[in-house]
There are 2 protein chains.
Amino acid sequence: MKYSPSKENYLKAIFHLQQDDSVVSTNALARQLNTSAASVTDMLKKLKTQKLLQYQPYRGVRLTAEGKKVALQIIRKHRLWEYFLVEKLAFGWEEVHEIAEELEHISSTKLIDRLDHFLGNPRTDPHGDPIPDAQGSMPLVQQTSLIDLPVRKQAAVISVSNQSTAMLDLLKHHHIGIGTKLAVNRRFEFDQTLEISIPNRPVFTISELLAANLFVAYDTTTTA
Amino acid sequence: MKYSPSKENYLKAIFHLQQDDSVVSTNALARQLNTSAASVTDMLKKLKTQKLLQYQPYRGVRLTAEGKKVALQIIRKHRLWEYFLVEKLAFGWEEVHEIAEELEHISSTKLIDRLDHFLGNPRTDPHGDPIPDAQGSMPLVQQTSLIDLPVRKQAAVISVSNQSTAMLDLLKHHHIGIGTKLAVNRRFEFDQTLEISIPNRPVFTISELLAANLFVAYDTTTTA
DNA sequence: ATTTTTTTTTAGATTTGTCTAAATATAATT
DNA sequence: AATTATATTTAGACAAATCTAAAAAAAAAT
Ligand SMILES: [Mn+2]
Ligand SMILES: [Mn+2]
Ligand SMILES: [Mn+2]
Ligand SMILES: [Mn+2]
């Protein structure tokens with residue numbers, strides 16, 4: 001019931017990579033964890049022995065129910081700590097990921113449940129990602145990439161899928177954050193850039209890459 | 001500038017054992033860290049290479065200025081986290097030590113400085129021990145063991161030197177906490193037990209062992 | 001159906017932190 | 001001073017997590 005920080009990082013990475021329920025490749029994991037494919041193979045064998053994942057040589061990997069459960073608890077801890085750092089210690093949302101990467105491995109579940117309560121049981125972290133509850137259930141927030149947002153449709157940013165400092169830096173520059181309301185004015189076919197407008201601010205243009213990593217929610221009820 | 005949790009634990013243990021400036025023995029360290037003498041020797045050699053301590057085979061060990069600096073930062077983190085757990089998350093003072101033992105190894109100094117500020121720059125932890133500041137200076141609180149408290153002298157508990165769950169459990173039973181005002185009514189020569197009185201509570205008796213681990217402050221100005 | 005390329009696994013080392021058992025140094029006793 | 005007891009260090013192993021280089025399997029291209 002207690003795993004090393006390294007093992008926890010593996011489980012979390014696999015969880016994130018197997019979006020739906022597809023298998024995850026050794027190379028994809030190596031890239032994500034910034035390690036060699038050989039190290040990944042070594043670790044997968046150990047995690048398999050512990051029945052945290054299904055793994056057949058050359059066939060990729062997928063978490064068992066138990067593996068998912070562990071991964072979700074780590075994700076819960078990660079996101080609650082991120083929320084704490086931003087809301088209570090006034091950190092910027094672009095600097096908390098790294099610190100939470102360490103804090104997520106503190107083992108006490110009593111600690112994390114008290115922290116959850118202290119923070120007022122937040123539903124999403126500073127990046128708009130949902131926080132699993134103590135039982136590990138996490139609401140499936142259905143989100144649309146900005147790429148797919150209809151033109152002139154008002155929408156609110158609910159999460160960002162890339163959380164690199166570089167990307168968060170760019171978002172700050174454009175005054176985009178979780179909750180920001182915006183609309184796509186038009187798409188330029190030549191380079192797929194988008195012109196964006198935020199109420200009471202000058203319009204500006206963003207790249208296709210940025211748009212692909214910005215997720216929004218918008219009113220889908222058809223106005224009669 | 002970055003050391004493993006294990007190394008940090010060694011530095012902290014040596015710091016606590018070398019009260020004044022005396023050398024610390026291999027066995028004392030092994031006992032404190034709940035490990036074998038052989039492991040201690042192994043580690044001392046590594047820490048010496050990193051110039052964190054002075055060590056000559058069979059001659060014991062003592063921290064260098066650098067070693068002390070590192071130890072004090074760990075102690076700072078440990079005590080600030082303990083304060084956070086008790087004051088913000090409503091933990092009992094007897095359950096926080098273990099969790100802080102993990103939290104003290106989170107590396108971000110920005111985090112600990114923000115936490116310090118968020119907590120209102122507390123001067124002592126829940127056990128009455130002083131919290132070193134960001135520069136590592138810690139006020140030398142002069143404290144007297146209950147063993148040496150003159151009879152009938154009113155005093156206030158300021159710290160406990162043993163923080164085992166067993167001891168803190170006993171303290172709770174006797175309604176003794178940091179700040180509790182008490183006096184020694186008399187000493188029984190036969191077994192060195194002490195009769196204690198706390199205002200508005202029935203008197204009770206404590207063992208020599210408990211008394212030795214309870215530290216108090218009292219008015220030393222001579223009443224003319 | 002071969003050949004070539006890409007992906008993945010194995011082989012063999014390395015580092016960190018730990019252990020037990022045996023050897024040696026120091027301290028205490030006779 | 002010699003002996004006994006205690007403290008400490010060395011020798012040799014082990015588990016976890018990682019690496020590089022080489023081998024093997026799978027996928028893609030000819
Ligand atoms: Mn992590
Ligand atoms: Mn996040
Ligand atoms: Mn510790
Ligand atoms: Mn304390």
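In what follows, every heavy atom counts, from backbone to side chain, and hydrogens, waters and symmetry copies are set aside. Every chain is numbered from 1, with letters handed out A, B, ... down the list of sequences.
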Is Tyr55(B) close enough to dT8(D) that one of its side-chain N or O atoms is under 4.0 Å from OP1 or OP2 there? no

Counting side-chain heavy atoms from CB outward, which of dG17(C), dA11(D), dA27(C) is closest to Ala38(B)? dA11(D)

Listed nucleotide nearest any side-chain atom of Ser39(A), set dC19(D), dA26(D), dT10(D): dC19(D)

Closest to the Ser36(B) side chain: dT9(D), dT20(C), dT8(C)? dT20(C)

Consider only side-chain N and O atoms of Asp125(B) and His78(B), and report whether a donor and an acceptor are under 3.5 Å apart. no

Rounded to the nearest Å, what distance is computed from the NZ atom of residue Lys45(A) to the P atom of nucleotide dT8(C)? 15 Å

Cation over ring face, Lys46(B) and Tyr10(B), 6.0 Å, 45°: no

When rounded to whole Å, the CD to C1' distance for the pair Gln50(A) and dA16(D) reads 11 Å

Just wondering, are more than 12 heavy atoms of other shown residues or ligands nearer than 6.0 Å to CD in Glu98(B)? no

Can you tell me if the side-chain N/O atoms of Ser6(B) get under 4.0 Å from OP1 or OP2 in dT16(C)? no

Among side-chain atoms of Thr144(A) and Asp148(A), is any donor-acceptor pair under 3.5 angstrom? no

Phosphate OP1/OP2 of dC19(C) contacted by Thr35(B) side-chain N/O (<4.0 Å): yes

Measure from the side-chain heavy atoms of Lys7(B) and tell me the nearest of dT10(D), dT18(D), dG17(C). dG17(C)

Tell me: NZ of Lys46(B) to C1' of dT18(C), nearest whole Å? 8 Å

Gap between atoms CD and P, on Gln56(A) and dA25(D) respectively (whole Å): 15 Å

OP1 or OP2 of dT9(D) versus the side-chain N and O atoms of Thr26(B): is any pair under 4.0 Å? yes

Between P on dT7(C) and OH on Tyr58(A), what's the gap in Å once rounded to a whole number? 14 Å

Ignoring the backbone of Asp42(B), work out which of dT10(D), dC19(D), dT8(D) is nearest its side chain. dT10(D)

Just checking, any donor-acceptor pair under 3.5 angstrom between side chains of Lys12(B) and Gln32(B)? no

What's Tyr3(A) touching, base or sugar-phosphate or nothing? Going by heavy atoms closer than 4.0 Å. nothing

Whole-Å gap separating P (dG17(C)) and CG (Asn34(B)): 18 Å

Rounded distance (Å) that lies between atom P of dA17(D) and atom CE of Met43(A): 4 Å

Gap between atoms CG and P, on Leu44(B) and dG17(C) respectively (whole Å): 13 Å

Looking only at dA25(D), dA7(D), dA17(D), the nucleotide nearest the Asn27(B) side chain is dA7(D)

